[in-house]
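This report refers to the structure that appears directly beneath it.
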Amino acid sequence: MDPQTRANLLTALHGEAFAYAKYRLFAEQARQHGNSDLADLFHATARTELFEHFREEAELLGLVDDDAANLKDAISGEAYEINTMYRTFAEQAQAAGDTAAAERFAEVRQDEMRHREAFAAALDRIELA
Ligand SMILES: [Fe+2]
Ligand SMILES: [Fe+2]
């Protein structure tokens, strides 16, 4: 596949994933205020973003592999968030005086550590089986 097409697919996947997550929260907001028709619209659209758009683009990119390969991919993603992304974001937010954001980044980073550990344990079990 052409590298530009590959890069565009990855960008599109991030957009679709963001739209999915955002529409789920928009649906929750609408539901809490009794706008159930709007909640249903956001929810149905979110499902299309994930189960059609994201899924079909992910397939073109070969995003999903076998369980062991998926676990290795997940571990490296979590490791990036732990060692680079959230570490840097927390430091930058702290330095800029954005204390709430700094604390949130640091807390989420702790969750990502637990995710990485759980995935690593699951990979061990697969490789020992
Ligand atoms: Fe979409
Ligand atoms: Fe995570």
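Atoms within a ligand are numbered from 1 in the order they appear, just like the ligands themselves. Just so you know, these numbers use all the heavy atoms, side chains as well, and skip hydrogens, waters and symmetry mates. We're numbering straight along the sequence, starting at 1.
Contact record, A30 with A39: CB-N, 3.7 Å, taken as the closest heavy-atom pair.
For the pair T5 (side chain) and M1 (backbone), a donor-acceptor distance under 3.5 Å is absent.
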Can you give me every donor-acceptor pair (side chain of residues 80-88, partner residue at least two apart or in another chain, under 3.5 Å) with its distance?
| unit_1 | atom_1 | unit_2 | atom_2 | d |
| --- | --- | --- | --- | --- |
| N83 | ND2 | A79 | O | 3.2 |
| R87 | NE | N83 | O | 3.0 |
| T88 | OG1 | T84 | O | 2.6 |

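By the criterion of a separation under 2.8 Å, the protein N/O/S atoms near the Fe ion (ligand 2) amount to E78 OE1, E78 OE2, E112 OE1, H115 ND1. Around the Fe ion (ligand 1), the protein contributes the following N, O or S atoms under 2.8 Å, ordered by chain and number: E16 OE1, E16 OE2, E49 OE1, H53 ND1.
In this view, F54 and L13, E16, A17, L50, A58, L63 satisfy the side chain to side chain contact (heavy atoms under 4.5 Å, CB included) rule, not counting sequence neighbours.
Rounded to the nearest 0.5 Å, atoms CD (E52) and CZ (R55) are 9.0 Å apart.
Within 6.0 Å of atom CG in D67, 12 or fewer heavy atoms from other residues, nucleotides or ligands are found, so the atom counts as exposed in its surroundings.
Using cut-offs of 30° and 60° for the angle between ring planes, the F42 and F26 rings count as perpendicular. F89 and F105 have tilted rings, their planes meeting at an angle from 30° to 60° on a 0 to 90° scale.
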Exercise. Could you go step by step and tell me if L123 and E127 meet the side chain to side chain contact (heavy atoms under 4.5 Å, CB included) rule?
Worked result: CA-CA 6 Å; L123 182 61; E127 285 177 338; 3.9 Å; yes
